[in-house]
Each structure stands twice: as structure tokens, then as C-alpha cells.
Amino acid sequence: DQQVKQNSPSLSVQEGRISILNCDYTNSMFDYFLWYKKYPAEGPTFLISISSIKDKNEDGRFTVFLNKSAKHLSLHIVPSQPGDSAVYFCAASSLSYDKVIFGPGTSLSVIP
Amino acid sequence: KAGVTQTPRYLIKTRGQQVTLSCSPISGHRSVSWYQQTPGQGLQFLFEYFSETQRNKGNFPGRFSGRQFSNSRSEMNVSTLELGDSALYLCASSEGSSGNTIYFGEGSWLTVV
């Protein structure tokens with residue numbers, strides 16, 4: 001049973017536009033959410049996180065939104081740059097879990 | 001601060017052999033997690049160690065095992081290798097408390113032939 005879902009395997013966006021990556025989770029015990037970016041042949045790089053006590057967290061071009069009632073979070077990248085082309089993983093953890101559960105990833109292509 | 005270091009980066013093994021992968025966490029981090037990534041798959045959780053104790057385990061067969069040393073360094077071992085074990089094995093470290101961000105190493109690419 002997949003507890004963290006990223007239903008879009010891939011996404012293409014024009015350079016300069018907004019990229020929106022979506023993530024859904026099923027376990028209401030999750031209270032900490034993270035986004036990672038991964039280039040081929042490299043380990044995932046931490047991008048941004050959000051605690052369940054917040055509904056928005058911003059870091060430069062990256063903003064994560066959390067809708068607890070819908071069990072949904074999204075990552076917004078504005079403006080998108082070609083260097084943002086990578087696989088993005090959504091992840092979740094909780095106080096009772098001690099482990100981080102990852103979604104299957106969304107491959108983002110930013111077209112110049 | 002040095003990041004998470006994994007060795008070896010690349011290795012090729014034969015079916016039936018066993019392999020040991022090593023991970024040195026970020027200094028001060030007491031938790032080490034291992035993940036497997038196969039082509040087209042996400043990051044599958046293998047296990048997590050904290051203070052030399054396995055705290056969590058994923059849904060992998062007993063051929064996959066690990067341990068953590070007193071200096072927080074960790075090793076994972078895969079015995080009786082199968083072709084399907086070919087994957088990128090990623091180690092991640094964190095301070096160990098829930099809500100901590102985990103930081104990944106570059107991974108160890110294992111090819112089983």
C-alpha cells in the first residue's frame with residue numbers, strides 16, 4: 001500500500017513559468033513533509049520541508065503548500081529554470097514512524 | 001561539514017555472491033537509513049539504525065541486513081545476490097529525532113550479473 005503518492009510520473013514546463021508538483025498521502029499520522037531533487041547518478045538533495053503546523057513554507061524560488069484536510073501537498077517552483085530538470089521526490093514522516101517514506105517521484109523537464 | 005559518504009560508488013557482482021556497502025554519516029548524526037532505488041521505482045526503505053540499534057525495517061527479505069557501529073558508521077550486506085538486486089543503494093543520515101531532515105550520500109551502484 002503506497003502511503004505517499006505522486007500521480008504524475010512526468011511534467012514539462014517552459015522556462016520562466018511555474019512548475020507545480022503534487023503529492024498525496026494516506027496516513028494521517030504524518031506530520032513532517034519533505035521534497036528532494038534527484039539528478040541521474042546522484043543522491044537525492046534536500047530542497048524544502050514543512051511541518052504539519054504550517055500550511056506554507058517558502059525558500060527562494062521554492063514554495064511548499066500543505067493541505068492537511070485533503071492530505072495533499074504541492075511544490076511550486078517559480079520561475080522554472082532548465083537546471084531544475086530532475087526527478088522530484090515527495091516524502092513524509094511522523095513522530096511515531098522514525099522512518100521517511102518516499103513517493104515514486106515526478107520527472108520535471110524545463111524546456112528552454 | 002563533510003556530507004554522507006558511501007563506498008564503493010560502483011561495483012559488479014555475480015549472482016550468488018554477497019556484498020557489503022559502507023556509509024559514513026554526517027558528523028554528529030546518529031541515525032542512518034538505507035534505501036534502494038531501481039530503474040523506474042521510487043526510493044524503497046530498507047532499514048534505519050540509531051545508536052547501533054535497528055529501529056525500523058522495510059519489506060525486504062532477510063538477505064538484506066545491516067549494522068551500525070559506535071561511531072555511527074553503517075554497513076549493509078546483501079547475501080546470495082540475485083539479478084533483481086541490481087540497483088542504486090542510498091544511505092541517508094539525520095540527527096535521529098522525528099522531524100529531522102535526512103541527507104543522502106551519492107549512492108552505491110550495484111550491478112549483479
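Within every chain, numbering begins at 1; the chains are lettered A, B, ... in the order of the sequence lines, protein sequences first and strands thereafter. None of the values given here were measured: they were computed from a predicted structure.
B:Phe50 does not touch chain A: none of its heavy atoms, backbone or side chain, sits under 4.5 Å away. Proximity to chain A is absent for every atom of B:Gln44, based on heavy atoms less than 4.5 angstrom apart.
Defined by atom type and a distance below 3.5 Å, a donor-acceptor pair is present between the side-chain atoms of A:Tyr32 and B:Thr101.
Placement of A:Ile50 and A:Leu75 within a single hydrophobic cluster is found when ILVMFWY residues are connected by side-chain heavy-atom separations under 4.5 Å, directly or transitively. Grouping the Ile, Leu, Val, Met, Phe, Trp and Tyr side chains by contacts below 4.5 angstrom, directly or via other members, places B:Met76 apart from B:Ile26. A:Val110 and A:Trp35 fall within the same hydrophobic cluster, where Ile, Leu, Val, Met, Phe, Trp and Tyr residues are linked whenever their side-chain heavy atoms come under 4.5 Å apart, directly or through other members. Residue A:Val87 is grouped with residue B:Trp109 when hydrophobic side chains (ILVMFWY) are merged at heavy-atom distances under 4.5 angstrom, including chains of intermediate members.
Taking chain A as the reference chain and counting heavy-atom pairs below 4.5 Å, the highest number among B:Val4, B:Leu90, B:Ile102, B:Leu88 is found for B:Ile102. In terms of heavy-atom pairs under 4.5 angstrom with chain B, the leader among A:Gly105, A:Pro104, A:Pro44 is A:Pro44. With chain B as partner, the option from A:Phe89, A:Phe33, A:Tyr36 having the largest number of non-hydrogen pairs under 4.5 angstrom is A:Tyr36.
A 6.0 Å sphere centred on CZ of A:Arg17 holds no more than 12 heavy atoms belonging to other residues, nucleotides or ligands. In B:Arg63, the CZ atom is crowded: over 12 heavy atoms of neighbouring residues, nucleotides or ligands sit closer than 6.0 Å.
The closest side-chain heavy-atom distance from B:Ser33 to A:Val100 is not below 4.5 Å.
For A:Phe102 and B:Phe104, the gap between ring centers is short of 6.0 Å.
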